[in-house]
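To start, the structure itself, in structure tokens.
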Amino acid sequence: GLPITSKPHQCALQSAAPAPSTTEELSKIPLKELRIRLVKVESGGRQTFMASEIEQKTMPLNAINIENNAAEVIRACKGANIKSKFRESYLLPAFSVKPVLSNETPIFRDKLNPPTPSIYLESKRDAFSPVLLQFCTDPKNAVTVIRGLAGSLRLNLGLFSTKSLVEANSEHAVEVRTQVQQPADKNWNHSGSAQTWPCESSRSHTTIAKYAQYQASSFQESLQVDIVTMSASVGSEINSISRLTGVTSNPEQKAIGKIIKFGTNIDLSDPKRWKLQLQELLKLPAFMRVSSSANMLSHVGQTILGMNTVQLYMKVPGSRTPGHQENNNFCSVNINIGPGDCEWFAVHEHYWKAISDLCEKHGVDYLTGSWWPVLEDLYHSNIPVYRFIQRPGDLVWINAGTVHWVQAVGWCNNIAWNVGPLNAHQYQLALERFEWNELKKVKSIVPMIHVSWNVARTIKITDPDTFKMIKHCLLQSIKNIQILRDQLVSAGKKISYQSRVKDEPAYYCNECDVEVFNLLFVTSENSSRKTYVVHCEDCTREHSPSLSGVVVLEQYRINELMNTYDNFTLVRQTLSYTLMN
């Protein structure tokens, strides 16, 4: 392309413009055209055409918004002629305003222990009521417990019992966390002299059969020392595991500070291997299901283990899932299979930064570290904590961005996965965490730019706020792509088009883990083995400022993106549509 004139707002003819002195100078002047449209006019009963000039105004880039069409966006990008690094936020500032939380005035103790919203369903119909979806996803409600949901929906949770798992797939891999058993509201340091935030555990691997043996023998020990009494059904479940695995008990003293093992992140994604288990979960209301059309995670186009697939947790008393927000602040669903209970602690998303600051103060990384909050520290900082027991058959809905941590009270299994309801609250928090992760050099497990384009292609959005946020993200994405593209072309860098194939994953920079969308900077790691590595522009230029030895691939033609952008419009919700859904 020819260079854009540095003053695009000047008209084509200037009366006082000096004539170019040489042919060479003439050749440098950008080519101009006067665009003419033929307009049909009626004249004395006859149709004639009249030439009408079209004046194409280029808007300044900072005046462009989601009301502009893609052609205007592209024109503004070209007109801006930006030579330096260009990167703007994908977030709409109007939706990024946060509440001011004061920790100066102490809150009354009862306000620091708010009651947990607990829903008791009268019938199966209640589970499918739109009111339940509205309640769970209401930004005010950090967490909702749906009591006895499994019973209401007649879910066969026995399919997820340890006995069933051993019978179905005894050699399946289990990640094991070795932890120190202690009361749920305490987290002692190594010497037991003071409470602390870091909550370390070492990692190893085993199989379902071997963990089942451990879970069963741990229960039998407790029976022998008569610390815990459980129902006859629990005893029969454990005894049947003993028969299956040939376990014999090995009594040892149970005490605070005992070393325990927690079986975590067991992958139930294989539809053949876990067919009955996954089929059973289709009985859930659509918004809670692992996959549904209104779930953003069903539009990633790739598997994200534990997020858009089911994971299972096998526990003994004291097994801990340390404090965290879900990946990219997505909602999560957790069902306790039983036979024992779990104790949960949860804090509203508004307070995540205060908790992050407390982590920093106690020398543990909020995003990547392992920590268990000291409750007194939270209360002292005016942070209210929801605390509740999840019984077998109870479903816990963790709303977008809620900070939570969990400890097993008894012997139990849990199943969990993430959900991304397409609402403004969820989308905003997911995109905020996407940008925060980039700042902190932490990988966003959900490739939000890729997902946003997929959603725009396939889903009709009826909520105005959600629409504005997604459209703004696409606008920012087009601007970033077009400006970078123009800079590469003007520097003489060849861009090779290579369209995406079915099930091709989203790409991340090999160095800094940021999502790389559309324009991929590719280097060859090993020419003999033909291994190619994707990088972002920044990391590529660090190694090779001139981009020598780097291939730039383009995965979408700009016209494709422009069409998606222009065709993504707010759909007016009709009454019949509301009733159908």
Residue pairs fulfilling ring pair (Phe, Tyr, Trp, His ring centres under 6.0 Å) with at least one residue in residues 152-184, sequence neighbours excluded: H172-W274

T196 side chain near H362 side chain, heavy-atom distance below 4.5 Å: no

Whether F219 and W411 hold their rings parallel, tilted or perpendicular, with breakpoints at 30° and 60°: perpendicular

Donor-acceptor side-chain pairing of W352 and N329 below 3.5 angstrom: no

D513 (side chain) donor-acceptor with V442 (main chain) under 3.5 angstrom: no

Intermediate values then yes/no, side-chain contact (heavy atoms from CB on, under 4.5 Å), N295 and L422: CA-CA 6 Å; N295 175 2; L422 255 170; over 6 Å; no

Cation-pi geometry met for R289 and W417 (6.0 Å, 45°): no

Side-chain donor-acceptor pair present, Y427, S452, cut-off under 3.5 Å: yes

Lys/Arg cation over aromatic F95: K468, 6.0 Å, 45° cone: no

Shortest non-hydrogen separation from K283 to R154 and the atoms involved: NZ-O, 3.1 Å

Ion pair D377/K361, N-O distance below 4.0 Å: no

Non-hydrogen side-chain atoms of L431 and C473 separated by less than 4.5 Å: yes

Check: F568 main-chain N/O paired with K471 side-chain donor or acceptor under 3.5 Å: yes

side-chain contact (heavy atoms from CB on, under 4.5 Å) involving R109 - partner list, sequence neighbours excluded: L112, N113, E376, Y379

K353: partners by side chain to side chain donor-acceptor pair (under 3.5 Å), with sequence neighbours left out: D357

H190 NE2: over 12 foreign heavy atoms closer than 6.0 Å: no

side-chain contact (heavy atoms from CB on, under 4.5 Å) between N437 and N328, intermediate numbers included: CA-CA 9 Å; N437 283 345; N328 283 96; 4.2 Å; yes

Please list, one pair per line, the donor and acceptor atoms closer than 3.5 Å that link side chains of residues 365-372 to other protein atoms, with sequence neighbours excluded.
unit_1	atom_1	unit_2	atom_2	d
D365	OD1	L367	N	3.0
D365	OD1	T368	N	2.7
D365	OD1	T368	OG1	2.8
Y366	OH	Q325	OE1	2.7
S370	OG	C199	O	2.6
W371	NE1	Y366	O	3.1
W372	NE1	A184	O	3.0

Salt-bridge contact K140-D138 (side-chain N to carboxylate O under 4.0 Å): yes

Among N265, N413, V174, side-chain contact (heavy atoms from CB on, under 4.5 Å) partner for L312: N413

Centroid-centroid distance, F388 to F345, less than 6.0 Å: no

Q224 versus Q220, side-chain donor and acceptor atoms under 3.5 Å: no

Residue pairs fulfilling ring pair (Phe, Tyr, Trp, His ring centres under 6.0 Å) with at least one residue in residues 287-338, sequence neighbours excluded: F287-W397, H324-H404

Flag for N414-N334: side-chain donor and acceptor within less than 3.5 Å: yes

Non-hydrogen atoms of C342 and V406 that approach each other most closely: CB-CG1, 4.2 Å

Main-chain N/O of P198 paired with N187 side-chain donor or acceptor, under 3.5 Å: yes

Parallel, tilted or perpendicular, as decided by the 30° and 60° cut-offs, for the rings of H348 and Y351: perpendicular

Polar contact flag, side-chain donor to acceptor under 3.5 angstrom, Q215-T162: yes

Side-chain donor-acceptor contact under 3.5 Å, Q407 with R320: yes

Sequence-distant partners of T466, side chain to side chain donor-acceptor pair (under 3.5 Å), two or more places apart: D463

Residues, nucleotides or ligands: over 12 heavy atoms within 6.0 Å of E360 CD: no

Note: E326-R433 ion pair, threshold 4.0 Å (strictly below): no

